[in-house]
Structures are given as C-alpha cells and as structure tokens.
Amino acid sequence: MSPWFNPARELDALIRRVAAGLPALGPAFDPQVRPATDARHGDYQANGILAAAKAAKANPRALATDLLSALQAEGTLAKAGLEVEVAGPGFLNFRLTPAALHAWIQAFPDADAWRRGAAALHAGRKVVIDYPSPNTAKQMHVGHLRPIVIGEAVARLLEFCGASLTRDNHIGDWGTNFGILILAIRLKGFVLDAASPTALEDLEALYKEGSALTKADPAALDAARAELARLQSGDAESLALWERIVAVSNAACQRIYDQFGLRSDVVLGESFYRDKVDQVYRELQACGLAEESDGALVVWHDEVPRYSRHAETKLPFIVRKKDGSSNYASTDLATVLYRAEVLGAQEVVYVTDGRQQDHFQQLFLTAEKWFKATGRTLPRLRHVWFGTILGEDGKAIKTKSGDPVRLQSLIDEATAKALEKVNEKSGDLPEAERRDVIAPRLGVAALRYADLVSNRTMDYRFSWDKMLAFEGNTAPYLLYQAVRVRSVFRNAGVAAGQGEAGATPPETPGEIALARKLLGFTAALDEASEDLRPHILCTYLHELAGAYSSFYADNKVLVDDPAVRARRLALCARTSALLESGLRLLGIEPLERM
RNA sequence: GAGGGGGUAGCUCAGCCGGAUUAGAGCAGCGGUUUUCUAAACCGCCGGUCGCGGGUUCGAGUCCCGCCCCCCUCGCCA
C-alpha cells in the first residue's frame, strides 16, 4: 500500500471501522485520535477509550486491549508501519517505524505532493474569500495590514487544501464619505489629476476639510448629503468624478498590494451592488423579515436578546437608512446573494477586524432567514476576525500627531531596518542583491510574520526589534534557516531532491526527530485550516526549523557513507521544500541566500 | 447593562474538541559547544499558586457557576 498522507485521519477512520465491530464500542465510538502530546508516547494517541469505558462501565485498559487485538487482527496497522500499544489508564499509542517515516518521505517529496495530499480537506469546494476590502479615497494605513496579511495567508491555506477559491476584493467605494469628498472638491474647485503623485494625499486632505466643515456647519452637511444623493441617483458629472477618485485610489492600493504579492480574482466593490439592493429590500419585506423603524428599514432577531426589538439598547440590523440610501448591511446582503447565485459559492469567508462581529452576526442571521424563506441554499458563512495592532505603549498604534501610520511608511521602515541588518551581517553579498532583493523581502516578511505568529483573535504589540530579530519565532530566523538548508546542496554540488538513491530509513535521534516533525505538517495543516488560524502554521514551521537545527548540529550531511549521505540529503531536501512551502503559504517569499 | 476578546515564567506568547505523577516555546539572565556542511546556530541551567473562589470528573490551564481586572463593540460609518 502507498503511505498515508495524513496518518491521524486514516487512523481515526480505521479505528472507527474496527471499533464498530466490537460490541463494547460500536459505530458511535469516537477514538479521539490526536498527535501525541509527548513524543515519548509515540506519534499519535487515541484518547477515546477512557470516555467509552466510563459510559459502558467497563475497565478501560481491558477495553483498550480488546481494541488493540482487533486492530492487529485487521492487519492494516502493520502494513502502514504503525506500532501500537496500550498505555497509562487506557490510551492507545501509535508510533511510526523508521521504515514508515522513510516511506512517507519518499512518497511525499515536494509541495505538489503535499498539495495533492491536502486537497482532500476541501476537495474542490467553491469558496469566496473577501479581503482586504479597503475603503477608497484614503491612503492605506496600518489598519490595512492585518486584512492584507491574514487574508492572504488564509486564502493560500484554503487553496492549498483543495478549495476552488475566488478572491473578491469588496472595496468600500459607495459610502457616505463620497458626499463629503465631492462637496469639498467642488467648493475648492480642485481639479483631480490622476497622474499626480500626490493625488491621493490631496483627496485625503480635502476629505478632512470637508469633514470638518460638515461638522461645523449644518448647511454644509445638507450639501454633502445632496452630493451623495446626486451621485447615487446617477448624475453623470458626479459619476465621472467618482470614477476618477476610485481609479486614483485603486492605483494606490495596487502599489501596496504589489509589495505584498496580493492579487484579486474579482474586484466587486459596494458600488457594484447599487442596482441590486432594491431586490433585497423587496424580498426582505415580502417575507416579513424587514420592517420600518424610525423611518429606516430594519431587521430584528428577537431570538437573540442583543438583537431583539425588546433589548434595552436597541441594535437592529439597519438595511436601509431613513433617507432611503443603502448602507453596508444592504450591500453585504446583496453581495451574499450574488456570491451564492452567480459565483456559486458554497462558502464565504470574510476577513475583517473583530469590531465588526455584531455586524456579521446580524448579517449571517438575516441571510439565513432570508435564504430559507426564499427557498435558496445559503453558503457557509464565516467571519475570520482579528484583533488590533497596539503600539509599544499598549494602545492602538498611531503616529505622534495622532494620524494613522501609513502602510507605505511601515514597509519603507521595515525595508530600511532589514537592509541595516543585512549590511552588518552579510556585507560580502553583492550590494544590489542586499538592497533590491534581500532587504525588501526580509522587511516585508518580518512585518507579515509578526502579524501572523500570534493567534489572530489577539491584539498584539508592534515591535520592530522583535519582528526583525534573528532569534526566536520570527521571519528572519525562519528565512535564515531555510537559507542554511539550501547551502548544504550548494556544498554538495547537487540539487535538492538529488543524491537520494540508496537512502536508508532514519536512524539517529536527530534524523528520527526531524523525520517525525516533517510528517507533523499534515496535523498542522489540519489544525490551521479548521479555524483558519495561520499561527498554527507559524508554530509548526518554527518547530521544524528547530528540529532541523538540532539535526544539523550533530548529523553531518556530507559524509562518505553513501547510504547515510543519501538519507540525510533527503531529509535536508524535504526540510528545505517544507520550510519554503510553509513560508509561501503564509505569503512570505523565501530567499536563496542572505 | 449586553456581547466579544484577553488575564499562563521578568517580558512576548503557545497550549484551552479535558488526558498520561516534571504546564511548553521564544526573548531576557547564567553556563557550555566551533581546526568540520552559513555560530544569524546548537546544548544545558534558571524561572510559573495557569486572575480569584467554588463545582463536575478516574483526570481540569482546558468544561460549568460566581467574582475581579484590562481591551473592543452597542440605531442609520465600514
């Protein structure tokens, strides 16, 4: 038989199958197969026997022994190279033999093989992912870092695990702020030159002025509303201006995306749905979900106390404002429908910050009832949210003047700091390579990795020193480790993947530990994709790099013994490929040398 | 008030679908390792009443209840 790509999953299925035939366990038995909590216990453990024994009032060790006998009689375990034993109060421990580790390493040598193995997780499922979805007419700032970085990592993870993915950049290009902006442009007689390098900054400044004006002067506020109404009613002149604003804004965003290696499959902003919200209003009212409240069209969810019409603090889902205009609830509902019916989404993933949780809960509840009432099939809707970036002082990050930190200046600073480090440590590399290749990649990688390494629901403290450190769980450390592995092949004079003929199974503790860690990738993928949490992949890669370093410290690769050399070269090749594939999954492009 | 997140080593954080008599990692501190493949590394030591109090269980950092502290959100912005 060919080796199992993901032994934990196969083991789980096998145990269920065998247990189904045992009267004491039966088909409902959940074996609770997990990676072993302690390497001394083997590679995988089944915890479920204890709970089953309790339910059946049976002796757990006896039950475990019965299950073990049945498993051994079945025969698959031995073929898969899994040793099994009853341990402790009634656990089953499974350990892959060196031969099985070796077989896996031979059978799954590169990213393509891993991708094929992982594809079972989503199996062609049609997923639409919504990120980074910025608002237009503003420069990108630090607040856009997380949706870009997390969104891209989650997208790549889904794609790697077999999803048929559509990246939909749902830009905010139709909101209230356009009234203010257009008003300010008209009052100032500003002529928007898309070619001007300061076009976007000028718009931002104008918006600030306009915003101040409307706050100070009710007449100006009315004028801004009138501008918005004019735009939304299709006034040609307003539309032309709006189009130019959006174009300038998108071009600026694209310059940032390019530096992050981001691309979108479709860009369907809020404006795209402007002729699709009427259907939403109609249908929601027709099926009795939406009603008028204070002049607005709202949806209550009485079964959820917080969104109930009886709540102390009313929090209805406002789908149409009292002035008749749409808001993001309206367009988001229209967007769900479009994604389901036109894009064929079976699942929609929204990557936004955690402050929008109420909105998405209400959106999902509303969509669920609306789709049900109209006989449609609702895609699975998931809100993948994240916490805030804090400054070194522990408060939301800002510049000294209180303005948001521009994303471009973060990239520039990261690149400059990375260049400093590289100049200091690798002055022998060509200057152009340091400046044009290594520094920008290292800088952006540091920025990204710091954003991914902690659980996304946590706030995190922004620290240049930590993200750019070459020690610890950081991008520089991982990139450096990846580069070290590559150097082995330079010295050996062979390409990764070559020189493996005659390789024997891992033998030394360092080889075995590294081989087991390589297989651990499948479990890490499982866990990371379950809740779409990239930090699990970060933790794994850091552990892999550590296992490699330990291996490398006391297992010389380029030795004379051909079998030893071959198997160590194979381990290096897999480590190299896996570190680099893992980094790419996170959106980080590895380096050849640094 | 309601809801969400957080409270684990000096610092930054994993672990939280309950699991195996010693709760992990990184950083910081201390001490080692190199005539040998990138030492930007590796190895070891030091360091924790897992916010507090109850409860469930063979077993709780992990589940339940109560309480305390910090952050975020709460009617027409997204």
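Residue numbers begin at 1 in each chain, while the letters A, B, ... track the order of the sequences. Heavy atoms only: backbone and side chains are in, while hydrogens, waters and symmetry mates are out.
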Between the base of B:rA20 and the side chain of A:Asn93, is there any donor-acceptor pair under 3.5 Å?
yes
I want to verify a distance call: between B:rA78, B:rC58, B:rC76, whose nearest atom is closest to the A:Leu50 side chain?
B:rC58
Out of B:rA39, B:rG75, B:rC76, minimum distance to the side chain of A:Ser293 belongs to B:rG75
Does a distance-only test, which skips hydrogens and angles, find a donor-acceptor pair under 3.5 Å between the side chain of A:Arg486 and the base of B:rU38?
no
Tabulated below should be each protein N or O lying under 3.5 Å from an N or O of nucleotides 71-74 of chain B; please produce it.
none

Per nearest nucleotide of RNA chain B, the residue lying toward the 5' end, A:Ser133 or A:Val298, is A:Val298
Do any N or O atoms of the protein come closer than 3.5 Å to N or O atoms of nucleotides 22-31 of chain B, and which pairs are they?
none

Of the candidates B:rG3, B:rA20, B:rG15, the side chain of A:His535 sits closest to B:rG15
Listed once per pair and sorted, the salt bridge (charged side-chain N to carboxylate O under 4.0 Å, His left out) pairs that draw on residues 40-52 of chain A, sequence neighbours left out
A:Asp38-A:Arg40, A:Asp43-A:Arg516
Given A:Tyr307, which of A:Gln362, A:Gln361, A:His301, A:Lys314 fulfils the side chain to side chain donor-acceptor pair (under 3.5 Å) condition?
A:Gln361
Quick check: A:Tyr350 with A:Phe360 (ring centres under 6.0 Å apart)?
yes
Write down the partner of B:rG18 under the Watson-Crick or G-U wobble criteria, each distance required to be under 3.5 Å.
none
From the candidates B:rA41, B:rG18, B:rC43, the one with an atom nearest any side-chain atom of A:Ser550 is B:rC43
Let me know, please, whether A:Asp323 or A:Ile536 comes out on the 5' side of the other along RNA chain B by nearest nucleotide.
A:Ile536
Hey, can you tell me if A:Trp242 and A:Trp174 have their rings parallel, tilted or perpendicular (30° and 60° cut-offs)?
perpendicular
With a 3.5 Å distance limit and no angle check, can you tell me whether A:Thr214 reaches the backbone of A:Gly210 through a side-chain donor-acceptor pair?
yes
Does the ring of A:Tyr552 lie flat against the base of B:rC37, closer than 5.5 Å centre to centre with planes under 30°?
yes
Reckon A:Gln481 touches a base, only the sugar-phosphate, or nothing at all at heavy-atom distances under 4.0 Å?
sugar-phosphate
Considering only B:rA78, B:rU57, B:rA14, which nucleotide approaches the side chain of A:Lys54 most closely?
B:rU57
So which nucleotide from B:rC13, B:rA14, B:rU38 ends up closest to the side chain of A:Asn455?
B:rA14
Hey, could you give me the CG/CG distance between A:Leu558 and A:Leu569, rounded to the nearest 0.5 Å?
6.5 Å
